[in-house]
Visitor: 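Encoded as structure tokens, here's the structure I'll be asking about.
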Amino acid sequence: MDNRSTKSSFLLLFILQAFISFCLFYFWNSRDLTLSGFCPPLPPPPSSPPGPPPLTILLWTWPFHTPVALSNCSELLGVPDCHITADRAWYPRADAVILHHRDISYGTGSMPVGPRPPGQRWVWFNLESPSHSPNLGLMNYRFNLTMSYRHDSDIFTPYGWLEPLGKPGKVSVPPKTKLVAWTVSNWNPNSVRVHYYQELQKHLHVDVYGARHLALPRAQHLPILSQYKFYLAFENSLHEDYITEKLWFNALSRFLPPDAFIHINDFPNASELARHLRAMDRDEVRYQAYFRWRERFQVVGNVSWNTHFCKACRALRETSTYRTVPNLADWFSSSSGW
């Protein structure tokens, strides 16, 4: 075979191979070549177990019938959110019902009627003292949990508290230009606190703000009261753990460092208390010592309704115990608890 025919044969073979390769390539790419055509499908990855369904808490009434904008408990307290609603249509499906004492205290007709849904827990909620909580006897044997400022409540909801600082800091107390102030909204001439004020006033001038006294707009509370060296945190009644915003918010025991306050029970009479306050006014070093606790703690005061609701959300999630509170009236009025 000559050289020319050999080259022709190679060229023809090359064209034939290219044609066959093109056909195979076209055929191959026209098929479904996913792994499912060669292997059985892999099982789906295991799914994480579903979280618990949201706990539904019904507010039977808004506290004092005043609606508030609700917040997420995950943002307030870092706990799983609850479905908190004041829509009574949720009553048959609610896991718990919070009943605010002042709004249900005038008769059983203001409470839910009919059979209680199985497992539903009723929470008695009250931030008033026994002296200002009418008809406590109606609450006996009706509730499953208590929620109040008392430390032995099932759900502890104080008006304020102290939290440790991340690291100690320094506190600088600005100069004060006035000595003693007192704010009072419920002025009762026959009350113990008014009698004590009148006795103290004989020995020491006290500026009184509130009803029928000096005006104190809410926006001016701190600017005005911070001018005073001392503030009288007189509650409207004396009961176990009853410490309200008069201390935690305005002025600002079991809840405070002993070097953070002056207790009138440490003095035999108002005259001796006045003498002590004057001495502190003259001794700046001793006066400043009352603020050293601020180097270690910060105050959480002016607590919102949402914080209380979310504390209930957390407590209801943490325990599923079902019980009935028997003599709620006796417990709340006592000084020793259950």
Side-chain angles (χ1 to χ4, degrees), residues 149 158-185 187 191-236 238 241-303:
Y149 59 81
Y159 281 84
W161 58 89
L162 298 182
E163 291 183 350
L165 291 171
K167 62 178 182 178
K170 291 186 178 181
V171 175
S172 176
V173 181
K176 311 285 185 176
T177 58
K178 300 179 181 180
L179 192 57
V180 183
W182 180 33
T183 64
V184 54
S185 57
W187 179 268
S191 67
V192 174
R193 63 179 179 176
V194 170
H195 288 167
Y196 194 94
Y197 151 74
Q198 291 170 339
E199 187 64 26
L200 182 64
Q201 184 82 326
K202 296 176 183 177
H203 310 281
L204 190 74
H205 177 72
V206 178
D207 287 337
V208 182
Y209 294 88
R212 294 183 289 179
H213 295 89
L214 299 173
L216 185 64
R218 180 169 294 276
Q220 295 298 310
H221 273 200
L222 291 181
I224 290 176
L225 296 179
S226 63
Q227 302 175 51
Y228 293 86
K229 281 194 168 183
F230 302 100
Y231 174 84
L232 303 179
F234 288 172
E235 301 293 354
N236 56 30
L238 298 178
D241 298 341
Y242 187 58
I243 304 174
T244 70
E245 76 285 348
K246 295 174 182 64
L247 184 146
W248 291 114
F249 182 64
N250 291 349
L252 129 158
S253 95
R254 192 196 322 268
F255 304 103
L256 291 172
D259 57 349
F261 62 96
I262 299 170
H263 203 301
I264 64 171
N265 287 353
D266 293 335
F267 302 90
N269 50 53
S271 174
E272 289 301 314
L273 173 62
R275 187 193 307 275
H276 178 74
L277 296 182
R278 284 202 185 93
M280 294 299 98
D281 184 34
R282 294 189 299 267
D283 191 334
E284 190 64 19
V285 174
R286 292 178 65 192
Y287 176 74
Q288 294 277 345
Y290 282 110
F291 297 89
R292 287 176 185 161
W293 62 273
R294 285 187 172 270
E295 298 175 355
R296 312 184 307 275
F297 300 99
Q298 63 181 348
V299 175
V300 178
N302 202 21
V303 181

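The figures that follow rest on heavy atoms only: side chains count, while hydrogens, waters and symmetry mates do not.
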Visitor: Could you tell me if the side chain of I262 sits less than 4.5 Å from the side chain of L277, heavy atoms only?
Guide: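 Yes, side chains in contact.
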Visitor: Pair R292, E295 - check salt bridge (Lys or Arg N to Asp or Glu O under 4.0 Å), show working.
Guide: CA-CA 6 Å; R292 287 176 185 161; E295 298 175 355; 6.0 Å; no
Visitor: Just verifying a value: how many Å separate H221 NE2 and I224 CD1, rounded to the nearest 0.5 Å?
Guide: 8.0 Å
Visitor: Distance from K178 atom NZ to L225 atom CG, nearest 0.5 Å?
Guide: 10.0 Å
Visitor: Kindly compute the distance separating OH (Y196) from OG (S191), expressed to the nearest 0.5 Å.
Guide: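 One gets 14.0 Å once the value is rounded to the nearest 0.5 Å.
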Visitor: Evaluate I264 against L200 for side-chain contact (heavy atoms from CB on, under 4.5 Å), listing each step before the verdict.
Guide: CA-CA 11 Å; I264 64 171; L200 182 64; over 6 Å; no
Visitor: Rounded to the nearest 0.5 Å, what separation is found between the OG atom of S226 and the NZ atom of K176?
Guide: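 Taking OG in S226 and NZ in K176, the distance rounds to 5.5 Å.
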Visitor: Please identify each residue that fulfils side chain to side chain contact (heavy atoms under 4.5 Å, CB included) with E284, with sequence neighbours left out.
Guide: K229, Y287, Q288
Visitor: Could you grab the distance from atom CD of E163 to atom CD of Q298, nearest 0.5 Å is fine?
Guide: 5.5 Å
Visitor: Report the C-alpha distance between Y231 and T183 in whole Å, list the side-chain angles of each, state the deciding distance to 0.1 Å, and finish with yes or no for side-chain contact (heavy atoms from CB on, under 4.5 Å).
Guide: CA-CA 9 Å; Y231 174 84; T183 64; 2.6 Å; yes
Visitor: Over 60° means perpendicular and under 30° means parallel, so tell me whether Y159 and Y149 are parallel, tilted or perpendicular.
Guide: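 Taking Y149 first and then Y159, their aromatic rings sit tilted (interplane angle of 30° to 60°).
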Visitor: With Q220, which residues qualify under side chain to side chain donor-acceptor pair (under 3.5 Å), at least two apart?
Guide: none
Visitor: Indicate the atoms forming the closest heavy-atom contact of R286 with Y290, along with that distance.
Guide: O-CD1, 3.7 Å
Visitor: Considering all heavy atoms of both residues, which atom of P174 and which atom of S172 are nearest to each other, and what is their separation?
Guide: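 Smallest heavy-atom distance, with atoms named: CD-O, 3.5 Å.
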Visitor: As a quick check of understanding, evaluate side-chain contact (heavy atoms from CB on, under 4.5 Å) for V184 and Y197, giving each step before the final call.
Guide: CA-CA 11 Å; V184 54; Y197 151 74; over 6 Å; no
Visitor: Between P158 and V303, which heavy-atom pair has the shortest distance, and what is it?
Guide: O-CG2, 4.2 Å
Visitor: Do any side-chain atoms of residues 204-214 form donor-acceptor pairs under 3.5 angstrom with protein atoms, and if so which ones, sequence neighbours left out?
Guide:
unit_1	atom_1	unit_2	atom_2	d
H205	NE2	D207	OD1	2.6
D207	OD2	Y228	OH	2.6
Y209	OH	Y228	OH	2.7
R212	NH2	W187	O	3.3
H213	ND1	A211	O	2.7

